[in-house]
Trainee: 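Here you go, one structure.
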Amino acid sequence: MTEIHTIRTLLIANRGEIACRIARTARSLGIRTVAVYSEADAAALHVAAADTAYPIGPAPAADSYLRIDHLIEAAKATGADAIHPGYGFLSENPELARACAEADILFIGPDVSAIEAMGSKAAAKDIMAKAGVPLVPGYHGTDQSAQTLENAAVEIGFPVLLKASAGGGGKGMRVVERAEDLADGIAGAKREAAAAFGDDRLLIEKYLTRPRHVEVQVFADRHGNAVHLFERDCSVQRRHQKVVEEAPAPGLDESVRSAMAKAAIDAAKAIDYVGAGTVEFIMDEDGSFYFMEMNTRLQVEHPVTEAITGEDLVAWQIRVAEGGTLPLTQDRISASGHALEVRIYAEDPEREFLPQTGRLSRLTFPEKMDGVRVDSGVAEGDTVSVHYDPMIAKLITHGRDRAEALRRMSRALGNVRIAGLANNVPYLKRVVEHPAFIAGGVDTRFIETYRADLAADETREAGNMPLLAAAALLEARRLDVLRQARLGGDPYSPWAMAYGWRLNDSPLHGLTLQHDAEDLLLLYRLEDGVYVFEQEEKQIRIAVSLHAGGRLEARLDGITVQAEASIEGDVVTVFYDGTAHRYVLKTALASGAEAGEDSGHVAAPMPGKLIAVHVTEGTEVSKGDPLMVLEAMKMEHVIRSPDDGVIAAMHYGAGDQVEEGADLLVFETRAAD
Ligand code: ADP
């Protein structure tokens, strides 16, 4: 008979969204929760999500979230009788499961033996081969001599994939296309594997050229029951890491679906599995599928399974860990509709998905939309640091069918507001709106295949957005100046009158906005409260009003536009029609000297104080040289030379307060040779 334990206090050995998500279920089950946190996370959301929180060390994960001794100490100190490891960190580390057993703490996961059996990709394959689970043609033997590996690769046939046996997270994989490259490839892969995992053993697989990643959620208890909760398609990946997941897998043949589910249950049974597990398969174009690996934990993408089955997988995990039976038998588990998940990352899709760090100056989600779930572990104002995974949130949508789930996803993404750092929201929106994705044509090469379509396209999305962003920024600064003047108590101060004077003859200003590494120089004047932008032969008139909560209403050449704006220092993000447009004010480049003119006036782009002046009458300057530094709104703006030329006259000096539009100096363009 299996003993029944009743968990009273659960320690969550993780952080971020998954710690918050586990706490939610534990609380709903009446279980007290304990969060652990590093020094960097003292004010993190997951700390507030738990009843008790316990510090476990400095920011680097190796000194905190990966310290088994600290976790056990935290559990003892807080009276926790169970530990949930979440995913990542120590979730697949048999030592944590072992330490829990020794300390008489329930580990929410499978037995040590199952974790160990699946910990090595090569050993796992041995077990699966014996259980009759199909494997990718390949070599996973113990003889690791270069000659044996080379012979094996030749026998498998090119292209082959070299994988670190101890690998994970998409790291340490290498495709070798030709026999000539094999020796180098093997040496390189061994080096990488040794460096990343401290183990240079490799396995070799046939490299499938257009495969899909399809995985099956399995669950087993200590009473001999094992079930599956359908499959998930996680083919859309970058760097062999998932970004979009869905359930069920689109267009999967029913016979393949049931064969895959059976193979997954066989795999779980082969290792006497207990708890939640995922059996990952790689599927060829003809529907043949092969075992890749089994993850002995909850997966990041488990919410799509929850959405279609209506079950809470964390509640299932807790019940099984307590020694209970699975809540449902196979015939009572059903799937309804379709679900999608996207992973929102602080990363820059335009720069090879480079992770970004920084402060989330704006962060809101469309939590209240029908069929939308948001799992997030950060709040507005939090910092995405270098220490942990840069995932900001997961957005999950569910619909009666795939089309409905997709439409909801597209709209939900359009209502995510993130400002402060680059992120993949606009990119994800392009993925889920791509015709090939809509048609269900997913494979692991999706992102590569449609690279050009998925790239941000200035002409497609920008339109008047830079102008709107500039107008919003200028207007926000103007309002700040007015507010300060009012606070200063002098309604007649020139600060309070910075605008609205020059009905005619208002000077032309320039400002440079940076967008996706490109500089946009905008020339504008302020006429009667309206920003008039000069674009080639055209003038575009924008009147903006900024409202509470960032709402931005603009009249753009007579058409009213409703948008939102987030302004943080020199960064302005305009959210319009479901897309975020982010610009950085580079320099306030004042310019009165347009091409063709031989002299002009350089005007102050905003009211402020000149804190440095680099030129005097007669100074020869080149285009872009710094002329003056203006301090405004606690920031420094370098005023640069609009062209090559000479300073003809100076009207202000260092220390002077200047009004917006003040004529700072006269500039003469050097005559062309
Ligand atoms: P990791 O444990 O590092 O995540 P996996 O073995 O799970 O590595 O593989 C990760 C991804 O790499 C898969 O989802 C798939 O996109 C790709 N992949 C793995 N094996 C193959 C293969 N034999 N042929 C083609 N692509 C593969």
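Every heavy atom of this structure was used, including side-chain atoms; hydrogens, water molecules and symmetry mates were not. Index from 1, following the sequence. Both ligands and their constituent atoms are indexed starting at 1 by order of listing.
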Trainee: So with a 6.0 Å cut-off around CZ of Arg411, is the heavy-atom count from everything else above 12?
Mentor: no

Trainee: Of the backbone atoms (N, CA, C, O) and the side-chain heavy atoms from C-beta on, which set of Ile282 has a member under 4.0 Å from an atom of ligand 1: side chain, backbone, both, or neither?
Mentor: side chain

Trainee: Please confirm whether Lys163 comes within less than 3.5 Å of ligand 1 when only nitrogen or oxygen atoms on both sides are compared.
Mentor: yes

Trainee: May I ask you to test the Ile392-Leu363 pair for a side-chain heavy-atom distance under 4.5 Å?
Mentor: yes

Trainee: Out of Met294, Lys206, Glu215, His213, who is nearest to atom 13 (C) of ligand 1 when you count heavy atoms only?
Mentor: His213

Trainee: List the closest protein heavy-atom neighbour of atom 10 (C) of ligand 1: residue, atom name, distance to the nearest 0.1 Å.
Mentor: Met173 CE, 3.7 Å

Trainee: Heavy atoms only: which of His240, Lys121, Gln241 lies closest to atom 5 (P) of ligand 1?
Mentor: Lys121

Trainee: Salt bridge check: are Glu404 and Arg400 linked by an N-O gap of less than 4.0 Å?
Mentor: yes

Trainee: Go through ligand 1 atom by atom and flag the ones less than 4.0 Å from a non-hydrogen atom of Thr444.
Mentor: 16 (O)

Trainee: Tell me whether the NZ or CZ atom of Arg257 lies within the 45° cone about the ring axis of Phe289 and under 6.0 Å from its centre.
Mentor: no

Trainee: Determine, using ring centers only, whether Tyr65 and Tyr388 are less than 6.0 Å apart.
Mentor: yes

Trainee: Output the list of atoms in ligand 1 that are nearer than 4.0 Å to some heavy atom of Glu280, sorted by atom number.
Mentor: 7 (O)

Trainee: Taking the six-membered ring for Trp, are Tyr450 and His434 parallel (under 30°), tilted (30 to 60°) or perpendicular (over 60°)?
Mentor: tilted

Trainee: If we only count N/O pairs under 3.5 Å, is Leu208 in contact with ligand 1?
Mentor: yes

Trainee: Does Tyr37 reach the side chain of Ile56, with side-chain heavy atoms less than 4.5 Å apart?
Mentor: no

Trainee: Just which atoms of ligand 1 are under 4.0 Å from any heavy atom in Gln237?
Mentor: 11 (C), 13 (C), 14 (O), 15 (C), 16 (O)

Trainee: For atom 3 (O) of ligand 1, what's the nearest protein heavy-atom neighbour? Residue, atom name and distance, please.
Mentor: Gly170 N, 2.5 Å

